[in-house]
Student: 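Questions regarding the structure given below will be posed in turn.
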Amino acid sequence: MTEILSVQGLETQFRTREGIVHAVNGVSFNLDEGETLGIVGESGCGKSVSVMSMLRLIPSPPGQVVAGKALYQGKDLLKMTDDEIRHVRGAQISMVFQDPMTFFNPVLTIGKQVSEPLEIHNGMNKKMAYERAAKVLEMVGIPKAKERLEDYPHQFSGGMRQRVMIAMALITNPQLLIADEPTTALDVTIQAQIVELVQRLREELGMAIIWITHDLGIIAGLAKRVAVMYGGCIVEEAEVKELYANPMHPYTRGLLGSLPRMDESDHRRLVSIDGMPPILMEKPKSCPFLSRCTYAVDHCKTENPALKSLSPNHKVACWVDPNTGREF
Amino acid sequence: MRNKLFVLMSLLVMASMLLTACGQQPATQAAPTAAASTAASESAAEPTKAPEAAAPVSAVEFKNPDTITYITGAGEPETLDPAWTYETAGSTTELNIYEGLTFFKREKTDEFIPALATDWKTSDDGLTWTFNIRKGVKFHEGGTLEPHDVAYTAQRAFLQGRIDGWQWIVYEAFYGPDMAMAGIKDFAAAFSAPAGAKEPPKFETLKPEQLVKVCEDVKTKIVADDDAGTVTYHFKQPVPWMLALTSQQFLGGILDKEWMAENGDWDGDCKTWTKYADPSAENTILFKKANGTGPYKLDHWTPGEEIVLTANENYWRTEPMWEGGPSGVASIKRVVIKNVDEWGTRLSMLQAGDADEIYTPPQYRKELEPFAKQTCGTDESSCKDDKADGFLTYFRKLPMPAITPGQFNWQMNVEGGNPYIGSGKLDGNGIPANFFSDIHIRKAFSACFDYDAMVKDALAGEGVQAQGPIPQGMMGYLKDQAPLNKFDTATCEAEFKKADLDGDGKAAGEDDDDIWSKGFYMQIAYNTGNDTRRMAAEILKAGIESVNPKFTVAVLAMPWPVLLESRRQGKLPIYVGGWVEDYHDPHNWVNPFLYSQGAYGRIVNMTADYKKKYDDIIISGAKANGVEARTPIYESIQKMAQEDAVDIWMYQQMEGFPFQSWIKGFYFNPAYGNPEYGWIYSLSKVAPK
Amino acid sequence: MEERKVLLKVDRLVKYFPINQGFIFKQHSGDVHAVDDVSFDIYAGETLGLVGESGCGKSTTGRTILQLYRPTSGHVYFEGQDLVKMKGETLRKTRKKMQMIFQDPYASLNPRMTVGDIISEPMIVHNTYKGSAMKERVVHLLELVGLNPAFIKRYPHEFSGGQRQRIGIARALALDPDLIICDEPIAALDVSVQAQVVNLLEDLQRDLKLTYLFIAHDLSMVKHISNRVAVMYLGIIAEKATRDELYSHPLHPYTKALLSAVPIPDPVAEEKRKRVILEGDVPSPVNPPSGCRFRTRCPIAEKICEEARPELREVNPGHFVACHLVK
Amino acid sequence: MDVVRRLLKNPTSLLGIILLLGFVFVAIAAPVIAPPAKSSRNVYLIPRDGFGNQPKPPNEKHIMGTTEGQYDILYGVVWGTRTAFRVGIVITLITTLIGLIIGSLAGFYGGWVDEVLMRITEVFLVFPFLLAAITLTSVLQTVYGRGEANFLVVLAKGLALLTFGQSPAKDLDPIQIQILTGMLAIIVFGWMTYARVIRGNILSVKEYEYALAARLIGASDMRILFRHLLPNAVFPVLVLASMDIGSYVLTFAALSFLGLGAQRGYADWGQMISFARSWIPSLGQYWFIVVYPGLAIILFVLAWNLVGDALRDVLDPRMRGRGND
Amino acid sequence: MSSMLSFIIRRLLILPLLLIAVTILIFSMLSMLTPYERVSLYVKDIPKRQGAMEGLIKKYGLDDPVPVQYWRWMAGTKNPDTGEIEGGVLRGNLGWSKTGKGTVWEVIGRRLPATAELALWTAIPMIGIGIYLGVVSAVNHNKLLDQILRVFSIVGWSIPVFVFGLIVLLFFYAKLGWFPPGRLSDWASQVVQSSQFIRYTNMNSIDALLNGRLDIFRDAVRHLVLPVITLAYLDWAYLLRVTRSSMLDTLNQDYMTTARAKGLSENKVIRRHALPNALIPVVTVGALMLIGLLNGVVITETIFNIPGMGSFLAESAISLDVISVLGITMFNCLILLVGNLIVDILYGVIDPRIRLR
C-alpha cells in the first residue's frame, strides 16, 4: 500500500484575547491509500484543528499553522500556492462536517451545492454536473434524487442532509475523505445508516478516510487504525484491535473504562478521569495529561513524552508502562 | 457580480451628477411658447461657459430677460379671491391681476388717478360717491367691463363677508361703526335685530325673507346704472378714504359678473346669497382662478411652490399712467413669485442671479450692503453709487406705515389663573391685575424701553421711534416734534417711585409695601419665530431689570395658538403687535389701537374713563369731513396717546428692497401691501451692458 | 415481585403543543403530538431510564410530569396526589419534592448569579434554611457534589461543563427532593467527564435514597444506570421492562433496531454484530402515522399496524410492549 | 473589570472614552470655564452682549465669538454640554424603562397581554418618528404654554425632577418647559425598539433552562422575572441604549433646529446651530457660529457611538476570536 | 406558499385596524388642544373684530366633542344645501389641507413626486456605496481598511443632518455655485409646465428622460445632487454597518468552511456563498431605510427648499394643521405598512428558508 498522506510535526496556534492557545502541538501521522484512520479525542483536543490545519482551512487570523509538514502524495500542502491547494481541496481531499444544517449554504439549492466541485475542478457545465450530482445523490441513497436537486437544504431531514454532504464530498472521486464528527449530531438509528453508507462507499470507491470522532464506539467498527489525541498531541496510535484490547496510555485506558458497555452484563462502577482537559495557553513542557493521570511519575512533570513505538502497530506517548506502573 | 453592479451604478450616478454640475443651463432657454422641440434641446444644453469657482460678486449672471422672479418669505396667499383676501401676500398678487376704479398715483398714497373709472364726484356731505365707468375694458377671459360688474363686485364682497375678513371696513362705511361686525352672519343678525333688542338673534334663526332683506338693503347702497355708465355708493358716514378703498381689493378688484355666475359663483340673486356667505378660502371659485382686467393674468398657482403671472396682451391702458409712467402691455412678460422661508436660501438665490428680488427682514439688511451697486431711497432718482463691484439696486429706509407698540393690558384677566403675572399680587413674585392702570407704571415702562437699541440692533437701523399711533407723513402726525417718551432710566426710576399700586396714597418710592421695595415678576410672551417681537421684549426686559434688581421680566417664546388665546382672554400683560394699514387714513390707525372695540384696543382694555375719552374723539374724527376739520382731531389723539402712555409706542418699521440692478422703474408706494411686487407693471428688466 | 412503594405514577399522560395559524385572530390549526398517552410508575429508590431518539417526547414527558408544561390530559400522581389538579401554592410545595437536572450545563445556570446564590435560592424561596444554616448547607451541598466550597462566590462561566453540572445537581438537592428527573444530564459533556457525573449520581442515589427518572438517548448509559427502562418513540412508550430483560430480550422491533444501532467500543464485538438498519427518518409529530407509530419504518409491519394503535401489553412479567406482532 | 480593560485597549473606544471624559469635565467645570453672571436667574440662558443681529468673530471678550443676537458661543457650548448630557441620558433612561416594563410584561406573560401590548407598540412604531415627534412637540408646547394644571404638568414635573433636579413643589419654569416638551415627544415615540428587543430577549431567555429551574424550585413570577429573566435580557438593551444617548441628542437638536426644541438663547447646541440657518451664504465669514456648537455635537455623539460600538463588539461573543477546535 | 399567502392576507386585514388606531392616536394627541388653540390655524394675524374666533370655531365645528369631530373626519359631512355627503376618510377623502391649500390627496399628488424622486436617487448611491463598503470592510475585518471605514461610518452617523446639509449647501452652492437648491431652474420649470412636455410621473428627472429632454434631465439632476448627498451620506454610514456585521456573521458561518473545503477560490467563496446570505438582512434594512427616507427628508427638504412631503409635514405639524397631519401621517403609515409588507414578502422571496417553509 502506498502512503498518500504524511503529516509531520504539525503545530497550530490561535491568537485569542486571553493569549495564544496552542491547539495542536506536533501532530504526526500517516495514511495509506484506502486506509481508514480514526482520530479520537474529546472536544478541544485539537483533532479537528489538525486536519483543518493540514488543508489550510483554519481561519487566519486568529489561527496560524506554525510548524510541520503535510505531505499529500509527496507534496507539502502547507507550502502549496493558494491555487494549488484549491485543486487539492474538494477534488482530491474532500471533507464531511459535523452539522449538516449549518455546513450547508441555506440559500443555494442542493443541486448547485453538490455539483459545485465539478464545476470548479472538472470544468463541467451545469447540465452535466447536475446529471452527475443526481447520480451521486442516488448512490448515497437519496430517493428521487433528480427531483430534489432544486430543493434547499432545510427541506431535507438531518440524515438525508448528511447523505447529501457525503455525496458532495464524493462527487469528484477524491482520494481521501475527511469526516469530521459526521454523525455526532444524528440519532443512533440514523448514525447507523450513515456508518453503513460510508462503509459501503469505502468498499465501492476505495478512498482513504480520516474519521474524526469522540465516540470510541463508532470508530471501533470503522477504522483500521486509531489515533487518540489529548491536549493537542497524539498520545497513542495503534491498530484498532490492538488499541481496544491493549490500551497503553493512561488516558486511553481511562476513556475506555469510563464508557459503559451495552454488552456487559454486570454492573460496574465506571472509571472516571478526574479533572478536566487542559486549555493550552503555552506549549506543554510536561505531559498534558499529568494533572489527571494516576500513573504519573516525576519524569512526567519535566518532559512531554514523544510518541514512541511499542510494536510495529502500536505507538504511545507516555513515560510509564501502565501495566507495570514503571517507566518504560 | 452583484456588488460590482452596485458600484458601477453608483459611480454612474455620481458621474452624471458631476457632469451636470459643470453644465450651466443656457442663459436664453426657449420660453415655453417657443414650441421647444426635443431635437433642439441637445445643442441648447451645451454649457455656455465653465463655472467660475467662487465667482466674484459682480459676475451675477443675467438670466431670463422676460421673467422677474420674486422670492418672498412671508408666506403665500391664502386665496386669490379679492373678497376673501385680507393679508399682503394675496392682496399684493391680486393688485397685479385685478383693478379698481382708481389707482394710487405713483408713490402717493393719498392721490389717485383714474383706473376703471374715468372720473368721479362726491356729494357735499361726503355720503354719496358716483363713478363713471370706463368703456371698452376687457376681462382676461374675454368679458366686457360694465357698471353692473362694479356693483356686483362690491355686493358680492359685502355679502360674502367671511368671518375675520376685511368687510368690517365696508360695514362701517355703509352702516356705521356699530355695524362693523366680524362677518356677514353677525352683520345679518344685527341688521335683522328688532329695534331695542339687547341681543341680536342667532343667524341660524333668521327667516328667508329677513335674509333677502339684508341683500336687498345692501343693493340699495351700491347702485349701478348700466345705461348711464355709472356706479353710486351711499354711505352712512363720510368716508374720506373712499378712493383708497376703490384702489385696493376692498371696493376695487372688479370682477366679471357673468363669468362668475357661469363658473358657479353667486349670480347676484338675493335669494341665494347665503349659499355663498362666509365660505372657506378654498370654497370660492376665485381660490386658484382669476379673471381681472389688470396688466397680468394668473398663469398658475401651485401652492407651496410658486405663483406665475403672465402679461395680459390685451391690456386696455394706452396712455402713460402718469408722466413717464408705464402704458400698453407690461414690459416684463412673466412673473414668478416663490415663497422661501429660509433667509440663507433666498440670499443664495439672489447671489446666483436666480432671484430678481428677495424678501429681506430688517435684521439681514446689513448683509446685503457689500452687494449694493447703488443705494436708493424711495425711487431711482434718489440712487447713489455704492460698491463698484456690487450687483444690487438697493432701496432702503422706506418708511412703511407700520407701527409696532408694546400694548399694555390695563386690566388683566386673572380668571382661571394667569401664568404671565406670577402670583398676581404685589409680593415681588408677580404683578396685580391692574398693574398697568397706573399711569406711572406705564410711563416707567415707556421710559425703560431703549428705542435706539431697538432701531439700531433689532431693525438694523431700518426704523424710527414711533411718536404715537399715527405714522410719519400721515395726517395727525405731529411734525417737528420729537416723541414724548424717551429712553431714560432716571425717568423710568422716578416714575416707578411715583406709582401707588397698593392704593394707600403713598408713592412707591416712600412706601415699603409698594412696587419699588417689593419688586415684581412678569412674563412677556412672543410667538416663536417672530424675531421683532422677541427683540422688543428682550430690550424692554433689559431696561426694566437695569433700574431695580428686584424687577424681573421673563421673555418667553410661545406657540402662536397659546399667544393668540392668551391674548383673546386678556391675560397677556404686554403684547407687542404691529399694525399695517388697510387704507391710508389716520382713522385706520387710531381705530385699531385706541378704539375700545378696535383690533388692539379691545385688549388694551383701558379703564372706563379712558375708554370713553378715546372712543368719543375717534368717532368725531371719523365723522368730520375734510382735511382741515380732521387734522386737529388726530393731532390731539396722537398727543393724548403719548401723554397717557397708552402703549409703549415703540417703532415705525422701514422697508428695504434689494433688486438686481437690471430691474428698473421701481418706486416705493407703501399702500401696495408688499410694495416690491405690488405694481410690477411699472418695472422693466434691462440687460446689463 | 416484591411490593414496592410507587413514588410517581404517570397515568395516560398526553401533551399536545398547539400550532396556531390564521388571519387576524390566530386559529388552532394542529398539534404537535409530543407526548401521546404515556403511562409508567416509578418506585421509590429506583432509577427508571427513559430512552429514545431526539424528538420522541422524552424531555417533554419529564417537564410535563413536573407541570412545567401543563398536560393536555392524563394524571401524574406523586405520592398518591395528582399534580395535574394542583395549583399555585400547593403545587409549589409539592414540587419541592421533585427536582430536575438539565441537559445543558451552560443554559441551566443563571449567568448573573453566583454559585452560592444559585444553590441557596431554593432554600430562600421555600424558606427552609436561613442565615448561617443556609450558608452551611450550601457548603455541605458543594462538598457533596464534589466541588470546592471556596467556589461559592464564583459565577457559572468560571466553571467547566462537568463542574457546572455538579452545581445544577447541588441546586436540585438543596430542597431534599425524593425524585430527581435527570433530563439528559450527560449529553453535553465530554466522555471522560460523563463518567464523573454518572458516578456522582449513583453515589447520591445510594447515600440520599433518591429516585431518578433518567432521560437519555445514550442507551449504554441508560443501561448502566437504570433499574428499569422505557423506550419511547414518537410520543408513545414502545417497550418497558427491567434493564436486563430489555437489553437481553428486546421485543419491539424498534427497540431491536435501536439496540443494534448502538456501537460498542470493541472492534472484535463490532465485527460480529448484525445490525438492523432502519429506513428513513422519524415522522413528524404534527401528523403522526395512524395505528402504530413505528409502522412506517418497521421492517415487519403488517396491515393491522396501520389500522389499530397497539396498546402497551405485558407480555412477560414486568415486560410491556406496544406491538401487535409480538406474541 | 474585563470589559473596561478591553474598552481601554481598543484605540477607537479609548478615543470615545477620552472624549466623554472631556465632556464630563466640561460639564462639571462649566461654572469655572464660563462663569455665569451673578444676577442671572437661569444659568442656562446664554449671556448676551447687546442685541445686534450680525455674529461677531472670536475676540478677547468672546473667545468663540458671538452668534446672532450676540449670544456668547463659548458659554453656550460649555453649558450646552450639561444640556446634552441631561437630555440624552434622561431620555434614554426613561425610554429604556418604558421599554423594559412593556417588553417584559409582554414577553413574560405572553398571550393576550403580549398581543395587546405588541399591537400598541406597532401602532406607535408605524409613525415616522421625527414627524410624530414634531407634531407632539408642537401640541405639548401649546398645552403647556396654557399654564393650566393637569396630568401633563405632573408628567413634566417628574421629568423636570429627573432632568434638572427641580423639586416638584416648585412651579415649572416656562423656559424649561420647552426642553421638557421636546424630550417628552421623543420619549413617547422612542420606547418601542426597547420594548421589542426586551420582549424578544425575555422570550428567548424564558426558554433557557435556568428559568425553568427557577420555576421548578418554586420561585414566584416576580422573582423569576426580576432575578432570572431581566438581568439576562436587559444587558444587550443597555448597550443599545448607550449608543442611543448620542442619537437622542441628535434628534433633540433636530427639533431645536426646526424651532421646537430649546428656546432661543438657551444653552443647547442644536438651538445654537439653528442660528446658522440664516447665515448660510456668509457662513464662510461666520464659520464660528456653526463650527463650535457643530463640533461639540458631532464629537459628543461620536463619543457615545464609539464607546457603544466598541462595547457591542466586546460583548458580542461572535466577534471574539474563534476558539480552538 | 399558502402560509405566505395567509400571512399577507392577515397583514392586509390588520392594516386598516392599525390605521384606525394610528388616527385615533393622532386625534387624541390633538384633542389636547382647545378649540381656541386649534382655530389659530385659521387666524394668521390678530382677529380684527370681536367674535371672530368664536365664529370660526363654530364654522369649522372645532367645539364639537372630539369623537364627533373624529367621526366627521372619518365619515364626512352632509352639505345642508345639496344634501350630499362630502369628504370622509371612509369614502377615500382625506380632507382639506389648510397648509397645503388643497385636498390632502392633491397635496400628496403634488408633493410626493419630489420626495419620491429624491428617495429614488438617494437609494442608488446609498445602497451601492453602503453595501459595497460594508462588504469590503467585513472582508478586511480588523485590518486597517476596516478600521478606517468603521470610523468613517461612525463619524458619518454622528453628524446631524442639518449640520451636514448646511455645510454641503455652503460649499457647493454658496461657494462653488455648482448645485442650486429647489427642484428645477426657472427656464426648465417653464418647459416642464408647457404642453409640449408630458408629465408622466411628475418626477422631473424621469419625465425628462421619457420626453427625451437631456437638458431638463441635467437640470433636474443638478438640483438633486446636494439633497441626495445629504440624505445618502447618513444612510450609507448605517447601511455600511449593517452590511458589515451581516457579512461578518456570514463569514463566520460553517458553510463558508464547506465552500472553502470544496476548493472554491476566496473570491468565489465571498461572491457565491457569502453575499447572497449576507445581503438578505441588508435588503430588508435597505428597503426599510428607503421607506424611512420619508422621515429623513423632513430636514433635508427644509434646508434645500424642496417642496416635498417632508417639508410639508414639518410645516403642517408646526402650525398644528390637524387635518394635514392626520392625512399625511395616515398616508405615510400606509406607505410604511405596505412597504413593510413588501419587505416581508421580498424576504420570503429571497430567502428560501422562509419561502419554502
Side-chain angles (χ1 to χ4, degrees), chain A residues 40-45 141 143 156-160 183 185-193 195-197 214-223 226 230 239-245 251 254-265 267-277 292, chain C residues 51-56 146 159-163 188-200 202-203 217-225 227 233 243-244 247-248 254 257-271 273 275-284 297:
Chain A
V40 184
E42 296 176 271
S43 55
C45 73
F156 288 77
S157 70
M160 285 297 148
T183 59
L186 304 175
D187 277 320
V188 211
T189 54
I190 310 293
Q191 171 175 300
Q193 292 172 358
V195 168
E196 200 211 35
L197 172 70
H214 67 274
D215 188 339
L216 282 160
I218 287 193
I219 214 68
L222 249 177
V226 179
Y230 188 82
E239 175 78 20
V240 64
K241 284 179 187 162
E242 166 74 9
L243 185 95
Y244 282 81
Y251 176 64
L255 216 51
L256 283 169
S258 71
L259 289 177
R261 285 178 60 161
M262 234 171 48
D263 53 347
E264 286 173 328
S265 49
H267 185 85
R268 69 178 166 96
R269 188 172 171 81
L270 297 177
V271 177
S272 84
I273 313 172
D274 288 336
M276 45 183 176
R292 305 173 78 184
Chain C
V51 71
E53 294 179 280
S54 51
C56 73
F159 294 89
S160 71
Q163 288 172 316
L189 302 177
D190 266 326
V191 187
S192 67
V193 182
Q194 285 184 356
Q196 295 173 10
V197 174
V198 167
N199 285 345
L200 174 65
E202 284 185 330
D203 293 346
H217 66 267
D218 183 341
L219 285 133
S220 321
M221 202 54 97
V222 168
K223 181 183 178 215
H224 176 82
I225 201 169
N227 304 102
Y233 183 80
R243 171 189 55 188
D244 294 336
Y247 281 74
S248 51
Y254 175 62
L258 200 60
L259 288 178
S260 85
V262 177
I264 294 171
D266 180 353
V268 184
E270 277 287 299
E271 261 179 10
R273 287 178 81 193
R275 286 217 162 87
V276 184
I277 303 284
L278 289 178
E279 295 287 318
D281 293 301
V282 184
S284 155
R297 298 171 78 197

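Only this structure's heavy atoms are used, side chains among them; waters, hydrogens and symmetry mates stay out. In what follows, chains carry the letters A, B, and so on, assigned in the order in which the sequence lines appear, proteins first and then strands, with residues in each chain numbered from 1. Just so we're clear, the structure is a prediction, and the values are computed from it rather than from any experiment.
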Student: Determine the option with the most heavy-atom pairs under 4.5 angstrom with chain C, choosing from A/Ser157, A/Gly217, A/Ser272.
Tutor: A/Gly217

Student: Looking only at heavy atoms, which two atoms of A/Leu270 and C/Asn199 are closest? And how far apart?
Tutor: O-ND2, 2.9 Å

Student: Tell me, side chain or backbone of C/Val198 under 4.5 Å from chain A's heavy atoms, or both, or neither?
Tutor: side chain

Student: Indicate yes or no: at least one non-hydrogen side-chain atom of C/Ser220 is less than 4.5 angstrom from one of A/Leu259.
Tutor: no

Student: Under a 4.5 Å heavy-atom cutoff, which of A/Lys241, A/Arg292, A/His214 has the most pairs with chain C?
Tutor: A/Lys241

Student: Name the member of C/His224, C/His217, C/Arg273 that forms the most heavy-atom pairs with chain A at distances under 4.5 Å.
Tutor: C/His224

Student: May I have the list of side-chain donor-acceptor pairs in residues 261-269 of chain C shorter than 3.5 Å, sequence neighbours left out?
Tutor:
residue: C/Asp266; atom: OD1; partner: C/Val268; partner atom: N; Å: 3.0
residue: C/Asp266; atom: OD2; partner: A/Arg261; partner atom: NH2; Å: 2.9

Student: Given that the side chain runs from C-beta out, which part of A/Val271 has a heavy atom under 4.5 Å from chain C: side chain, backbone, both or neither?
Tutor: backbone

Student: For C/Glu202, give me all partners under salt bridge (charged side-chain N to carboxylate O under 4.0 Å, His left out), at least two apart in sequence or on another chain.
Tutor: none

Student: Could you tell me which non-hydrogen atom of C/Glu53 sits nearest to which non-hydrogen atom of A/Ile190, and how far apart they are?
Tutor: OE2-N, 4.3 Å

Student: For the pair C/Asp190 (side chain) and A/Ser43 (backbone), establish whether a donor and an acceptor sit closer than 3.5 Å, ignoring hydrogens and angles.
Tutor: yes

Student: To the closest 0.5 Å, what do you measure between CD1 (A/Ile273) and CD (C/Gln196)?
Tutor: 8.0 Å

Student: Can you tell me how far apart CG (C/Leu278) and CD (A/Gln193) are? Round to the nearest 0.5 Å.
Tutor: 7.0 Å

Student: Rounded to the nearest 0.5 Å, how far apart are CD of C/Glu270 and CD1 of A/Ile218?
Tutor: 9.0 Å

Student: Heavy-atom pairs under 4.5 Å with chain A - which of C/Asp244, C/Leu258, C/Leu259, C/Leu219 has more of them than the others?
Tutor: C/Leu259

Student: Measuring heavy-atom distances to chain A, does C/Gln194 have an atom under 4.5 Å in its side chain, in its backbone, in both, or in neither?
Tutor: neither

Student: So which of A/Ala245, A/Gly221, A/Pro143 has the largest heavy-atom pair count under 4.5 angstrom toward chain C?
Tutor: A/Gly221

Student: Go through C/Asp218, C/Val191, C/Val222 and name the one with the most non-hydrogen pairs under 4.5 angstrom from chain A.
Tutor: C/Val191

